[in-house]
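First up is the structure itself, then whatever we jot down about it.
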Amino acid sequence: MIQNFKIYAYPPPETLSFDSQVESLFYSSLIHSHFITQNPEEAHLFFIPFSFHSGLSARAAAYVVGNYRTEFIYWNRTLGADHFFLSCSGIGHGADRNVVELKKNSVQVSCFPTTAGLFIPHKDVSLPPLANVHTPVHAPGSKSSSYLGYVRYNWVKESNIMEQLLADPEFEVESEPSDQLTFEERLAGSKFCLFEYGPEISAIGEAMSFGCVPVVITGRPIQDLPLMDLLTWQQIAVFVGSSGGVNEIKRVLRRVVMEEYEDMRESAAVASKHFVWNDTPQPFDAFHMVMYQLWLRRHTIRYAEREWA
């Protein structure tokens with residue numbers, strides 16, 4: 001993949017801006033990488049460089065795609081199936097032909113967690129969140145922990161769960177933000193780190209790097225986890241509902257401690273290296289893992305001309 005994968009990037013708009021730092025970092029890493037080719041005939045995929053000013057409307061996306069399909073031949077060969085684009089919040093649905101093909105066929109690269117209803121599993125890709133992921137330093141063996149679980153300020157917002165966690169001595173719960181050093185000490189001193197599925201889950205990679213196994217509280221299956229093609233998430237994280245309260249969460253965690261905790265901790269620490277974003281991409285980091293997911297999506301159907309003419 002490293003040597004052979006080629007991407008042709010369409011000419012960008014005069015002003016290119018992004019809604020998030022991780023989008024900007026991915027774009028910069030891509031454009032300056034050896035994956036980019038100036039010869040579209042040797043490209044496996046085509047990148048559409050949308051510009052974002054507080055989101056991108058379906059109407060604006062339709063205009064951009066319409067221009068590219070008029071000026072270049074490549075969109076019409078697959079109706080966009082060998083194209084991908086970057087959109088942190090995702091692009092909404094629309095009736096315009098260009099938007100319909102973009103949403104149905106092209107790969108959307110989004111920020112994690114993604115916007116509900118705008119991410120298509122098995123087609124789209126979510127970016128590992130930008131966080132202070134440290135190089136794992138934990139040697140194999142048992143981890144001595146002061147607490148069963150740790151909840152940082154604002155990680156869990158469901159009021160009933162938070163009240164129960166605050167009253168339980170087995171959990172360390174922050175009532176206000178802590179400094180980075182204290183935060184890292186608490187990650188290292190807890191077996192599990194509890195997250196409610198939502199924006200604050202972006203620290204999941206950092207927790208993993210300290211050997212704190214993520215516990216994701218969610219009321220539905222999660223289909224937009226980063227690197228879902230590459231990681232077996234059930235081996236590095238625990239997923240539990242909120243309906244049973246803290247007692248149910250503790251029951252699940254105690255079973256994990258008895259049966260598989262050490263394996264999960266080690267697997268999570270190893271996997272955390274794939275959540276690292278570098279200014280200059282390095283092998284197996286977040287950028288290269290996203291590129292590998294795009295590589296897996298390079299095989300597309302090429303439509304006959306009569307189907308799209």
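The structure presented is a predicted model; accordingly, all values stated were derived computationally and were not measured.
Note on I91: it does not cluster hydrophobically with I120, by side-chain heavy-atom contacts below 4.5 Å among ILVMFWY residues. Residue F210 is grouped with residue L231 when hydrophobic side chains (ILVMFWY) are merged at heavy-atom distances under 4.5 angstrom, including chains of intermediate members. By the criterion of side-chain heavy atoms lying less than 4.5 angstrom apart, applied directly or through intervening Ile, Leu, Val, Met, Phe, Trp or Tyr residues, L118 is not grouped with L127; the two fall into different hydrophobic clusters. If you chain together hydrophobic residues whose side chains sit under 4.5 Å apart, W295 and L230 fall into the same group. Note on F239: it clusters hydrophobically with M264, by side-chain heavy-atom contacts below 4.5 Å among ILVMFWY residues.
Between W233 and F275, the ring planes lie perpendicular to each other; the angle is over 60°, past the 30° to 60° tilted range.
Rounding to the nearest 0.5 Å gives a distance of 11.0 Å between NZ of K191 and CD of E170. Atom-to-atom distance recorded for H288:NE2 and Q282:CD is 8.0 Å, nearest 0.5 angstrom. With rounding to the nearest 0.5 angstrom, the CZ atom of F47 is 11.5 Å from the OG atom of S106. Rounding to the nearest 0.5 angstrom, the gap separating the CZ atom in F119 from the CD atom in Q108 is 8.0 Å. Expressed to the nearest 0.5 Å, how far OH of Y197 lies from CZ of F112 amounts to 5.5 Å. Rounding to the nearest 0.5 Å places CD of E266 at 7.0 Å from CD of E262.
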Audit row: Y10, F72, ring-ring contact (aromatic ring centres under 6.0 Å, His included) steps and yes/no: CA-CA 9 Å; Y10 289 114; F72 298 88; 5.0 Å; yes

Pair R251-E248, salt bridge (Lys or Arg N to Asp or Glu O under 4.0 Å): steps then yes or no: CA-CA 5 Å; R251 185 192 67 80; E248 174 63 14; 2.8 Å; yes

E41/R77 under salt bridge (Lys or Arg N to Asp or Glu O under 4.0 Å): CA gap, chis, key distance, verdict: CA-CA 12 Å; E41 293 299 331; R77 294 194 309 191; 3.8 Å; yes

Criterion side-chain contact (heavy atoms from CB on, under 4.5 Å) on L294 and L45, from CA distance to verdict: CA-CA 8 Å; L294 291 172; L45 293 179; 4.0 Å; yes

Trace of the side-chain contact (heavy atoms from CB on, under 4.5 Å) decision for V246 with E163: CA-CA 9 Å; V246 168; E163 290 177 4; over 6 Å; no

Chi angles and distances behind the side-chain contact (heavy atoms from CB on, under 4.5 Å) call for F26, L86: CA-CA 9 Å; F26 174 78; L86 186 59; 4.0 Å; yes

side-chain contact (heavy atoms from CB on, under 4.5 Å) between V65 and V99, worked out: CA-CA 8 Å; V65 171; V99 175; over 6 Å; no

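With no hydrogens or angles considered, no side-chain donor-acceptor pair links Y68 and H83 at under 3.5 Å. In the model, E42 has no side-chain atom that pairs as donor or acceptor with a side-chain atom of Y8 under 3.5 Å. Donor-acceptor pairing under 3.5 Å is lacking for the side chains of E200 and Y153. At a cut-off of 3.5 Å, with distance as the only test, a side-chain donor of T182 or D179 sits close to an acceptor on the other residue. With no hydrogens or angles considered, no side-chain donor-acceptor pair links E174 and W155 at under 3.5 Å.
In terms of heavy atoms, K157 sits closest to E196 at N-OE1, 2.6 Å. Across every non-hydrogen atom of D224 and M228, the tightest pair is N-SD, 3.9 Å. Across every non-hydrogen atom of I236 and A271, the tightest pair is CD1-CB, 4.2 Å. Minimum interatomic distance between P128 and L227 (heavy atoms only, all atoms of both residues): CG-CD2, 4.0 Å. Between P11 and P49, the closest heavy-atom pair is O-CG, 3.9 Å. Looking at every heavy atom in both residues, R69 comes nearest to L79 through NH2-CD2, 4.3 Å.
Within the cation-pi definition used here (under 6.0 Å to the ring centroid, within 45° of the axis), K6 does not qualify as a partner of F35. For the pair R297 and F84, the NZ or CZ position fails the cation-pi test of under 6.0 Å to the six-membered ring centre and within 45 degrees of the ring normal.
D82 places none of its side-chain heavy atoms less than 4.5 Å from the side chain of Y74. Inter-residue side-chain proximity for K250 and D168 is flagged as met; some heavy-atom pair is nearer than 4.5 Å. No side-chain heavy atom of D285 sits under 4.5 Å from any side-chain heavy atom of H274. Inter-residue side-chain proximity for I48 and V64 is flagged as met; some heavy-atom pair is nearer than 4.5 Å. Looking at S190 and L148, their side chains never come closer than 4.5 Å, going by heavy atoms from C-beta outward. Taking the side chain as every heavy atom from C-beta outward, N105 and V100 never approach each other to under 4.5 Å. Using a 4.5 Å heavy-atom cutoff, the side chains of P12 and Y27 are in contact. Put simply, the side chain of L253 does not reach to within 4.5 Å of the side chain of Y261, judged on heavy atoms.
Looking only at distances, a side-chain donor or acceptor of S29 sits under 3.5 Å from a matching main-chain atom of L25. Between the side chain of W75 and the backbone N or O of A81 there is no donor-acceptor pair closer than 3.5 Å. Under a 3.5 Å cut-off, the side chain of E158 and the backbone N or O of I161 do form a donor-acceptor pair. Proximity of a side-chain donor or acceptor of S110 to a complementary backbone N or O of S126 within less than 3.5 Å is not detected. Using modelled atom types, one side-chain atom of S33 and one backbone atom of L30 make a donor-acceptor pair closer than 3.5 Å. The main-chain N or O of S89 is found under 3.5 Å from a side-chain atom of T115 such that the two form a donor-acceptor pair. Looking only at distances, no side-chain donor or acceptor of Q223 sits under 3.5 Å from a matching main-chain atom of P121. The closest donor-acceptor contact from the side chain of E23 to the backbone of C111 lies at 3.5 Å or more, if one exists at all.
The aromatic ring centres of Y147 and F171 sit 6.0 Å or more apart. Two rings, from Y150 and F192, have their centers 6.0 Å or more apart. Note: Y292 and F5 fail the aromatic proximity criterion, with ring centroids not under 6.0 Å apart.
The environment of Q38 atom CD is sparse: at most 12 non-hydrogen atoms of other residues, nucleotides or ligands sit within 6.0 angstrom. Heavy atoms from other residues, nucleotides or ligands lying under 6.0 Å from CG of N39 number more than 12. Atom CD of Q21 sits in a sparse spot, with 12 or fewer heavy atoms from other residues, nucleotides or ligands closer than 6.0 Å.
Of the residues L225, V238, I222, L194, the one that meets the side chain to side chain contact (heavy atoms under 4.5 Å, CB included) test with V216 is I222.
Remark: E206 does not engage R152 in a salt bridge, criterion side-chain N to carboxylate O under 4.0 Å.
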